[in-house]
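As structure tokens, the structure follows; a few thoughts come after it.
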There are 2 protein chains.
Amino acid sequence: MTRTVNERADAVAALAEIFREFGYEGASLSLIGARTGLGKGSLYHFFPGGKEEMAASVLAEIDGWFARAVFAPLREDPDPAAAIRRMFRETDAYFRSGRRVCLVGAFALGDVRDRFAARIATYFAAWRDALADALRRAGRAEGSAAEEAEHVVSAIQGALVMARAVDDPAVFVRALARLEAGLGLAEP
Amino acid sequence: MTRTVNERADAVAALAEIFREFGYEGASLSLIGARTGLGKGSLYHFFPGGKEEMAASVLAEIDGWFARAVFAPLREDPDPAAAIRRMFRETDAYFRSGRRVCLVGAFALGDVRDRFAARIATYFAAWRDALADALRRAGRAEGSAAEEAEHVVSAIQGALVMARAVDDPAVFVRALARLEAGLGLAEP
DNA sequence: GTCTATACTTTGATAGAC
DNA sequence: GTCTATCAAAGTATAGAC
């Protein structure tokens, strides 16, 4: 039994890795079938909308994970500095210390930008705004918080690009450390 | 006469825009034919290796442009601070103030990463090392110059990703200004 | 050099048996 | 739910006339 997927949630998780590795156009249905161990029949049973619905489901899953694990704490944790430190920890873990790319960023640069434009924009804006909120609650001035948040989110993306480009995950780890230190939060 | 391309160099320039817009897999030969006004026969006359040779030629052209306009001055200009300021100006112009994506970065995240891995890595490493060299010559300590250069190059990439993701080129302009100011170079 | 026509493969997607 | 068979369309690439 080479079956690796038993329900839709498993399928979405597997699809995420496949899209990360091969991109949207590069992930053919035959490749997806081989990787998930699911035939086309099963795939279209889970995702009647075909490949586009598969990718949309993956993006929704990513969005949901970040909303729960990162954005919500940034907005709601009574200790905003702790929430920001947690953001860096979760980000490092999620991106496997630079060995995993950001699918949303890859889609933003790639051929499917327009197809998922709304969801891509929402993901980045939500991250930036949640971080700005935490910075404000931690005592930053309005304008400074917004600018700093935009910088951190965009620099994280850049570190993922460069880590992958030069094939050195340490680039990402160094960037996270530098960004966190640059915010000058009190240690717990 | 809808012909838009008269020689190989024109074809490479047109191909660069097409790959930027649609990605490698998304740029089909029929699309390329339609955009360049060249038939398949002409395309295979210019690029016997097919699409892969087209993309490789584009990457080589980009690499060459940056080497001449940015990397060489960073290494050779007797005034390293001026070369760094020039780097920011050229980068802003090249990426159309955030309206153009970096094809090398897009390839690094995308499905063709492995195919062009060597050239992608070289581009990023050359930029980082040339900038570190200029920073060193401008008086930075060894370790600080390398770290700062890595940060600037990766943050530029991230700003391009985010500008595209939220569809706001101003993100890129703000990032360049912040990075340049952060280097604390004397104004000319 | 450039075009048209075409070979051959793979794509995403559907239908129907079980 | 899952499989096999199959579809039409699009993919890259080649051949040959001009």
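Below, chains carry the letters A, B, ... as their sequence lines are ordered, and counting in each starts from 1. It should be emphasised that the depicted structure is a prediction, and the values quoted were computed from it without experimental measurement. What you see below is based on every heavy atom in this structure, not just the backbone, and it leaves out hydrogens, waters and symmetry mates.
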Please report, rounded to the nearest Å, how far the [atom2] atom of [N] is from the [atom1] atom of [X].
{"X": "B/Phe47", "N": "D/dA13", "atom1": "CZ", "atom2": "P", "value": "13 Å"}
{"X": "A/His45", "N": "C/dA15", "atom1": "NE2", "atom2": "P", "value": "16 Å"}
{"X": "A/Glu52", "N": "C/dT11", "atom1": "CD", "atom2": "P", "value": "18 Å"}
{"X": "A/Phe46", "N": "D/dC3", "atom1": "CZ", "atom2": "P", "value": "10 Å"}
{"X": "A/Leu38", "N": "C/dA13", "atom1": "CG", "atom2": "P", "value": "16 Å"}
{"X": "A/Glu53", "N": "C/dT14", "atom1": "CD", "atom2": "P", "value": "12 Å"}
{"X": "A/Asp111", "N": "C/dG12", "atom1": "CG", "atom2": "P", "value": "12 Å"}
{"X": "A/Leu43", "N": "C/dA15", "atom1": "CG", "atom2": "P", "value": "17 Å"}

*Who passes side-chain hydrogen bond (donor to acceptor under 3.5 Å, both in side chains) against B/Arg137, sequence neighbours left out?*
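B/Arg137: side-chain hydrogen bond (donor to acceptor under 3.5 Å, both in side chains) contacts with B/Asp133.
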*State which residues pass side-chain hydrogen bond (donor to acceptor under 3.5 Å, both in side chains) with B/Asp92; sequence neighbours excluded, sorted by chain then number.*
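For B/Asp92, the residues satisfying side-chain hydrogen bond (donor to acceptor under 3.5 Å, both in side chains) (neighbours in sequence not counted) are B/Ser97.
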Among [options], the nucleotide that comes nearest once only the side chain of [X] is considered:
{"X": "B/Tyr44", "options": "C/dA13, D/dC3, D/dT14", "value": "D/dT14"}
{"X": "B/Ser42", "options": "C/dT14, D/dT12, C/dC3", "value": "C/dC3"}
{"X": "A/Lys51", "options": "D/dG1, D/dA13, C/dG12", "value": "C/dG12"}

_If we check ring pair (Phe, Tyr, Trp, His ring centres under 6.0 Å) with B/Tyr94, which of these qualifies: B/Trp65, B/Trp127, B/Phe172?_
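Passing option: B/Trp65.
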Which pairs would a plain distance check flag for residues 157-166 of chain A, meaning a side-chain donor or acceptor within less than 3.5 Å of a matching protein atom at least two apart in sequence or in another chain?
from: A/Arg164; atom 1: NH2; to: A/Arg99; atom 2: O; distance (Å): 3.0

*Which residues satisfy the salt bridge (Lys or Arg N to Asp or Glu O under 4.0 Å) test with B/Arg75, sequence neighbours excluded?*
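Expected list: none.
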Tell me which donor-acceptor pairs under 3.5 Å the side chains of residues 109-116 of chain A have, and how far apart each pair is, sequence neighbours excluded?
from: A/Arg113; atom 1: NH1; to: A/Gly110; atom 2: O; distance (Å): 3.1
from: A/Arg113; atom 1: NH2; to: B/Glu21; atom 2: O; distance (Å): 3.3
from: A/Arg115; atom 1: NH1; to: A/Glu52; atom 2: OE1; distance (Å): 3.1

*Taking the six-membered ring for Trp, are A/Phe95 and A/Phe66 parallel (under 30°), tilted (30 to 60°) or perpendicular (over 60°)?*
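A/Phe95 vs A/Phe66 ring planes: tilted.
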*Go through residues 25-32 of chain B and report each residue with a non-hydrogen atom lying under 4.0 Å from DNA chain D, sorted by number.*
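B/Ala27, B/Ser28, B/Leu29, B/Ser30 - these, ordered by number, are the residues of the stretch whose heavy atoms sit under 4.0 Å from the strand.
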*asked:* Mind checking if B/Gly41 touches a base, just sugar-phosphate, or nothing, with heavy atoms under 4.0 Å?
replied: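 Here B/Gly41 touches the bases of the nucleic acid.
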